Every structure is written in structure tokens, then in C-alpha cells.
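Have a look at the structure below before the remarks.
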Amino acid sequence: MNLKSYIRTVPDFPKKGIMFRDVTTLMQNRIALSQSIDDLYSLIKHKKIDIVCGIESRGFIFGSPLALKLGCGFVPIRKLGKLPSETVSIEYSLEYGKDSIEMHKDAIKEGDNVLLVDDLIATGGTIQAAAKLVEKAGGIVSAIVFLIELTDLHGRDKLKSYDVYSLLEYEGE
Ligand code: AMP
């Protein structure tokens, strides 16, 4: 099954020059969604994983079924101000300005092996911050997995100390 054929590319969204890889068209197809979860699982099933952390918001959609398949729980990493209890947070740089993400302080235990999940890696800034956040909370980043990797942006270079997997690569298309 060619999963790429289920991903819609929207040029110039959210701003001019960006080729937006829209995974909603994959998600809405039951066979493509199921295949993508099975394929992501195959990439990381050999890893020791105690808990899955997904990044808001598409990381929730792929991370949660992966957690079920792995027999693990799921932890959301969210934008600032969305989680109700005590949190641990981290600030990171964007193209213009800064952003922050956070997770509940009690969500992972000291020494937990964590699988980080997001739908896509572009520059790698978000996932790099998420990995640091997991470490700040006492976890060990066992692996990082993406549905899509935009290879031209070399986001992987920011993740040299981690085990990184992606299912589909896009290069200058
Ligand atoms: P980055 O921190 O640059 O790796 O950006 C990653 C986040 O931005 C991911 O959560 C993606 O969902 C989103 N993103 C960045 N670029 C794109 C793109 N071309 N198409 C779809 N989503 C994108």
C-alpha cells in the first residue's frame, strides 16, 4: 500500500513557500490509518518502551494507537496552559520568536524508557525540545518516530544522540 498517495500536499499553507503535508486525508481512510500504525509499530517494536509521549496534536492521533499496540500508556506533550495539574515545561526557539511545551510532572517515572511520536519532522526544533522535556522529567528517550520526515531540512541532525525512525520521506517535492 502506497501511504504517500493518501497524504495531501497543500502548497503555500500556512504561508507562502510551505508545502503542507496534510495527514488528515490519510487519517480519514480506515485502511491507510491502520496500515500507518502497523508500519510505525514495525519500525520500533524491537525497542524497550515503557511509555509513549505524543506531541500536540497530530502526535496524539498516531501515538495513542501505537501505545495500545505496545501495551503502554500514553502521555500528551502540550502547548503551554492546556494541562490542568503541575507541569514541567521547556522553551524553544522558532523561526521568529519562542514557544513552549509542557507535560504533567507525574506523567513519567524516573528511568522510564520513552517513545516520542509526532506526525512530521521539519526543522526538528519541536522534537528536540520534547526530548529535552522528557529528560528533564526523568525519562530516557528510547526512540523517536515520525510518520513523515522532510529530509531537505535536516531536522535529524538535531537528534544525533537519539534513535530516530521515520516511515515516509519527502525531499523538495
Ligand atoms: P519542526 O519543529 O520544524 O520540526 O516542525 C514540526 C511540527 O510542525 C510538526 O508537529 C508538524 O506537524 C508541523 N509541520 C512543520 N512543517 C510542516 C509541513 N510542511 N507540513 C505539515 N506539518 C508541518
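For this chain, numbers begin at 1 and follow the sequence in order. Predicted model, so just to flag it, every value in this text is computed and none were measured. Both ligands and their constituent atoms are indexed starting at 1 by order of listing.
Not a single heavy atom of I55 sits under 4.0 Å from any atom of ligand 1. Residue contacts with ligand 1 do not include G155, since none of its heavy atoms lies under 4.0 Å from the ligand.
At distances below 3.5 Å, not a single donor-acceptor pair connects side-chain atoms of N113 with backbone N or O atoms of D50.
Among all non-hydrogen protein atoms, the one lying nearest atom 10 (O) of ligand 1 is D118 OD2, 2.9 Å. Closest to atom 22 (N) of ligand 1, if we only count protein heavy atoms, is F20 CE1, 3.5 Å. The protein heavy atom nearest to atom 3 (O) of ligand 1 is T123 OG1, 2.5 Å. Annotation: atom 23 (C) of ligand 1 to nearest protein heavy atom, L120 CD2, 3.5 Å. In terms of protein heavy atoms, atom 12 (O) of ligand 1 is closest to R58 NH2, 2.6 Å. Scanning the protein for heavy atoms near atom 7 (C) of ligand 1, the closest one is T126 OG1, 4.1 Å.
Inter-residue side-chain proximity for M103 and V75 is flagged as met; some heavy-atom pair is nearer than 4.5 Å. The closest side-chain heavy-atom distance from I90 to E102 is not below 4.5 Å. Using a 4.5 Å heavy-atom cutoff, the side chains of L115 and I44 are in contact.
Distances below 4.0 Å separate heavy atoms of G125 from the following atoms of ligand 1: 2 (O), 4 (O).
Ligand 1 has no nitrogen or oxygen under 3.5 angstrom from a nitrogen or oxygen of I121. Backbone and side-chain nitrogen or oxygen atoms of I127 are examined, and none is located within less than 3.5 angstrom of a nitrogen or oxygen of ligand 1.
When non-hydrogen atoms are compared, ligand 1 lies under 4.0 Å from the side chain of D119 (C-beta onward) but not from its backbone. Neither the backbone nor the side chain of L153 has a heavy atom within less than 4.0 Å of ligand 1. Contacts between L150 and ligand 1, counted as non-hydrogen atom pairs separated by less than 4.0 Å, involve the side chain only.
Here D163 pairs with K47 in a salt bridge; the nearest charged N to carboxylate O distance falls below 4.0 Å. Using a 4.0 Å cut-off between a side-chain N of Lys or Arg and a carboxylate O of Asp or Glu, K79 and E56 do not qualify as a salt bridge. Salt bridge present: D38 and K69 bring a charged side-chain N and a carboxylate O closer than 4.0 Å.
Once rounded to the nearest 0.5 Å, the distance linking CD of Q128 with OG of S161 reads 8.5 Å. The line from CD1 of I77 to OG of S89 is 12.0 Å long, rounded to the nearest 0.5 Å.
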Checklist entry - Can E149 and S166 be said to form a side-chain hydrogen bond (donor to acceptor under 3.5 Å, both in side chains), step by step? => result CA-CA 6 Å; E149 177 172 2; S166 64; 2.7 Å; yes

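Proximity of atom 19 (N) of ligand 1 to the protein is indicated by at least one non-hydrogen atom lying closer than 4.0 angstrom.
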